[in-house]
Structure formats: structure tokens, C-alpha cells
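Heads up, the thing below is written out as C-alpha cells.
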Amino acid sequence: MPELPEVEIVCRGLAPVLEGRRLALVQVRRANLRLPFPVDLALRLTGRRVEAITRRAKYMTWRLDDGWVVLGHLGMSGRMIIGPCDDTPPGRHDHVIFDTDEGRRVTFTDPRRFGLLDLVRAEDLAGHRLLCKLGPEPLDDAFTAKVLKAGLAGRSGPIKVALLDQTLIAGIGNIYASEALFRAGIDPTRAASSLTAKEVGRLVPALKEVLLASIASGGSSLRDHRLPSGELGYFQHSFAVYDREGEPCPGCDCAQGISRIVQAGRATYFCKKRQK
DNA sequence: CGGCAAACCTGCGAGC
DNA sequence: TGCTCGCAGGTTTGCC
């Protein structure tokens with residue numbers, strides 16, 4: 001379930017395993033995911049020390065000791081699984097396996113193969129073709145109602161679809177778009193440009209709140225119960241509206257309950273009474 | 001440029 | 001039990 005909060009949790013979970021460690025053995029088990037892997041990826045990573053792990057939007061970056069950065073994306077179904085280095089045979093979808101000099105193993109598994117892994121020079125990271133068009137980080141202080149309002153100007157499409165546009169805001173996915181609009185009381189079908197300053201003034205904190213709450217719950221569950229699987233960031237969330245079609249609205253007593261519609265090919269969940 | 005559908009993949013649950 | 005269908009949390013591309 002990799003939207004911004006999940007990627008953040010994965011990065012935080014990987015940091016204690018990888019930061020400061022050398023990659024003793026890297027196994028690349030196929031030539032590509034969504035994009036081709038860099039040539040000689042395994043060779044270029046083997047022996048490198050991971051200096052720092054950070055996140056940009058839904059991308060993770062591992063800064064290496066030779067000036068290169070591993071750029072990773074989990075796509076729809078990508079996961080990072082932590083375990084020991086042992087003789088367990090890799091699963092069908094275990095595409096890249098990183099063993100550290102401490103005897104720990106990180107397995108990048110991705111059944112649908114929408115994820116990606118690339119190498120980029122640190123000084124070229126911001127200009128990378130996948131990163132250079134990304135909009136502001138929603139959790140940055142610089143992401144304000146004024147900034148979002150300006151971005152929505154001239155957009156006739158629905159606000160919910162606009163929130164998924166990574167050039168407008170980076171990191172919002174299909175779940176948190178619905179959740180934030182519910183929290184802000186805004187109808188997802190409204191034209192993006194029709195939102196008033198007051199409404200955008202509710203939407204921006206709503207976005208920050210749903211993301212932060214998700215990170216907080218993931219962080220705590222990660223600290224408190226290390227999953228036997230070693231899997232990071234894939235705990236049970238409780239969403240107010242997402243995937244709750246027909247269930248009672250948690251914000252009002254309407255008889256209709258949560259509605260599901262499709263916008264730009266993706267499911268949207270909302271309360272028709274509470275969201276205007 | 002904006003908006004939309006299709007494409008990339010596999011897995012899973014519902015329904016028959 | 002087994003099949004088909006629809007659907008899934010992302011992003012890019014190409015067409016209008």
C-alpha cells in the first residue's frame with residue numbers, strides 16, 4: 001500500500017538495517033521492473049556503504065558512499081522485507097536481494113512489477129526525469145493553502161483527480177485523496193478551480209493530518225510489533241471512507257452511508273451529505 | 001496545457 | 001472445485 005506514509009515507514013524501517021552498512025552481496029534476479037535496471041546493477045552496488053535513506057514523494061533514495069544514489073519506487077505492490085541472510089530460496093517475485101555485512105537481508109519483492117530501481121549521481125538526483133516534475137511535499141511547511149490554491153487555478157477536472165497529480169502535490173495516492181477530502185468536507189466531484197480559499201484552507205491541513213496520522217500509526221506498530229515476516233509498512237489501517245461503500249458515515253447520521261464512484265478510472269469514496 | 005483511456009503486470013475475491 | 005470477471009494502494013504514454 002505504498003503512498004507517501006507507507007514509503008516513509010519503509011524508509012524508517014530500512015534505515016537501522018542499511019544505514020552505515022556495506023552491501024556485501026546484491027542479487028538482481030531479473031532485468032527490469034517497470035523500467036530496465038541499470039546495467040551491472042548488482043556489481044555497482046556490491047561493496048558500497050549506504051550512507052543515508054530518505055524519501056521524496058513516493059520515491060525512496062539510498063545515498064551510497066561513492067556518490068551514487070539508489071532511487072526506488074514500490075509501485076502498487078512493491079514491498080521491502082527484512083530478514084536474515086540464509087538459504088531460504090527466493091520467491092517468484094523477489095526481484096532484488098540486498099545482504100549487508102552485518103548478516104541482514106532486505107528483499108525487494110513486487111508481484112505486479114510496477115516498481116522501479118535506478119541509479120543516479122547524487123548531484124543529478126533533483127533533475128532526474130522521474131523527480132524533476134514533482135510538486136511540493138505535502139508535509140513541508142512550504143506547502144500552504146496559498147500554494148495549493150494557485151495550483152488548482154484553471155483546472156476544470158475534479159478536485160479528487162487533481163490531488164493525484166504528482167506535479168501538483170507529490171505523494172498523495174488514491175486512499176489519502178478520498179480520506180483528506182472527507183476530513184475537509186469537500187465533495188470530490190467539485191471542479192478543482194472552484195474551491196474557495198476557505199475550502200483550500202481546510203483541505204491543506206486535512207491532507208497533512210491524514211498523512212501524519214498514518215505515519216504515526218505505522219511508526220508505532222513498527223516499533224511495537226516487529227512483524228514475523230519482517231515486512232515494513234503494511235499494517236492494518238483504519239480508513240474513514242476508503243473501501244467502505246455502504247457503511248455508515250463516521251461523520252454524520254445520513255441513511256445513505258459512504259458512496260463509491262469512479263473518477264479517472266479510480267475508485268473514490270465519500271459522504272454525499274457531509275461533503276459539499 | 002488539460003483531460004481521459006489505455007497500458008504495464010499479477011493476485012485475489014466474488015459469483016456462477 | 002474450478003472457471004471467469006472485476007478490481008487493486010502507481011505512473012507513463014498517447015490521443016483528442
Side-chain angles (χ1 to χ4, degrees), chain A residues 1-11 29-37 55-60 71-80 90-96 108-118 128-135 138 150-182 188-195 207 210-211 213-215 217-218 229 231-246 260-270:
Chain A
M1 43 167 72
E3 295 187 31
L4 184 154
E6 290 74 26
V7 179
E8 178 66 29
I9 289 156
V10 169
C11 287
R29 308 187 62 252
R30 55 175 297 122
N32 65 288
L33 288 176
R34 198 178 91 213
L35 301 174
F37 289 138
R55 177 191 61 74
R56 168 75 172 113
K58 300 171 194 170
Y59 292 87
M60 68 178 78
L71 179 64
H73 195 292
L74 298 172
M76 290 271 248
S77 57
R79 306 166 177 203
M80 292 287 181
R92 185 150 87 99
H93 305 299
D94 294 345
H95 307 307
V96 186
F108 183 9
T109 184
D110 182 8
R112 290 178 73 180
R113 309 209 300 266
F114 289 167
L116 73 86
L117 216 52
D118 199 6
H128 191 282
R129 67 180 191 87
L130 296 171
L131 301 186
C132 66
K133 290 179 184 161
L134 291 174
L152 297 176
R155 301 189 64 126
S156 60
I159 180 62
K160 191 274 190 162
V161 177
L163 291 178
L164 296 179
D165 182 343
Q166 303 297 297
T167 68
L168 189 65
I169 323 170
I172 306 298
N174 204 39
I175 292 178
Y176 297 109
S178 281
E179 293 292 312
L181 287 166
F182 173 77
T189 66
R190 291 266 306 281
S193 59
S194 76
L195 268 64
L207 284 161
V210 294
L211 297 174
S214 176
I215 292 170
S217 84
S229 66
E231 195 174 335
L232 295 172
Y234 298 81
F235 42 85
Q236 272 306 83
H237 282 303
S238 62
F239 302 118
V241 293
Y242 185 82
D243 203 22
R244 290 188 181 275
E245 183 181 18
R260 177 189 187 274
I261 59 173
V262 174
Q263 296 178 286
R266 323 246 356 234
T268 300
Y269 298 87
F270 70 114

**OP:** Sticking with atom P, work out how far B:dC9 lies from C:dC3, rounded to a whole angstrom.
**Re:** 24 Å

When rounded to whole Å, the CG to P distance for the pair A:Asp118 and C:dT11 reads 15 Å

Whether A:His73 contacts C:dT11 is assessed here as follows: a side-chain N or O lying under 4.0 Å from the phosphate OP1 or OP2. Is that the case? yes

Answer yes or no: does a side-chain N or O of A:Arg260 lie under 4.0 Å from OP1 or OP2 of C:dA8?
yes

Encoded 5' to 3' (Watson-Crick or G-U under 3.5 Å; [ ] crossing; | other strand), DNA chain B becomes .|||||||.|||||||

In the structure I gave you, are the side-chain heavy atoms of A:Ile172 and A:Pro138 within less than 4.5 Å of one another anywhere? yes

| message | With a 4.5 Å cut-off on side-chain heavy atoms, are A:Arg30 and A:Phe37 touching? | response | yes

Taken to the nearest whole Å, CD1/A:Ile169 to C1'/C:dG10 is 16 Å

Heavy-atom nearest nucleotide on DNA chain B taken for A:Ala264 and for A:Gly154; more 5' hit belongs to A:Gly154

Contact under 4.0 Å: A:Arg112 side-chain N or O vs C:dA8 OP1/OP2:
no

Using a cut-off of strictly less than 4.0 Å, decide whether A:Ser77 has a side-chain nitrogen or oxygen near OP1 or OP2 of C:dG9.
no

Separation of C:dT12 atom P from A:Leu131 atom CG, nearest Å, is 10 Å

For the residue pair A:Leu74 and A:Met80, establish whether any side-chain heavy-atom pair is separated by less than 4.5 Å. yes

When rounded to whole Å, the CE to P distance for the pair A:Met76 and C:dC7 reads 13 Å

Walking DNA chain B from its 5' end, the first of A:Gly265 and A:Phe114 to be reached, judged by nearest nucleotide, is A:Gly265

Using the P atom on both, measure B:dA5 against C:dC7 and round to a whole Å.
-> 14 Å

- Query: Can a side chain N or O of A:Arg34 be found less than 4.0 Å away from OP1 or OP2 on B:dA7?
  - Reply: no

In whole angstroms, the gap separating P of C:dT11 from CD1 of A:Ile172 amounts to 11 Å

Checklist line | Test item: A:Thr268 and A:Leu181 side chains (from C-beta on) under 4.5 Å apart, heavy atoms | finding: no

Taken to the nearest whole Å, CZ/A:Arg79 to P/C:dG9 is 14 Å

When you measure from the side-chain N and O atoms of A:Arg113 to the phosphate of C:dG10, is any distance below 4.0 Å, counting only OP1 and OP2?
no

Checking C:dG9, C:dT12, B:dC9 against the side chain of A:Tyr59 (C-beta onward), the nearest is C:dT12

### Query
Quick one: is B:dG11 close enough that its OP1 or OP2 comes under 4.0 Å of any side-chain N or O from A:His93?
yes

Phosphate OP1/OP2 of C:dG9 contacted by A:Tyr176 side-chain N/O (<4.0 Å): no

Exercise. A:Lys160 and A:Asn174: side chain to side chain contact (heavy atoms under 4.5 Å, CB included), yes or no, with the steps?
Worked result: CA-CA 9 Å; A:Lys160 191 274 190 162; A:Asn174 204 39; 2.4 Å; yes

note: A:Gln263, atom CD; B:dA5, atom C1'; distance rounded to Å ~ 15 Å

With the side chain defined as heavy atoms from C-beta on, A:Pro111 is closest, among C:dA8, C:dT11, B:dG11, to B:dG11

Taking C-beta and beyond as the side chain, do A:Gln166 and A:Leu134 meet within less than 4.5 Å on heavy atoms?
yes

Min side-chain heavy-atom separation A:Tyr269-A:Asp243 under 4.5 Å: yes

The complete set of salt bridge (Lys or Arg N to Asp or Glu O under 4.0 Å) pairs with one or both residues in residues 164-179 of chain A, sequence neighbours excluded, reads A:Arg155-A:Asp165

* To do: Pick base, sugar-phosphate or nothing for A:Leu130, based on heavy-atom distances below 4.0 Å to the nucleic acid.
  => sugar-phosphate

Atom CG of A:Asp94 and atom P of B:dT10 are separated, to the nearest Å, by 15 Å

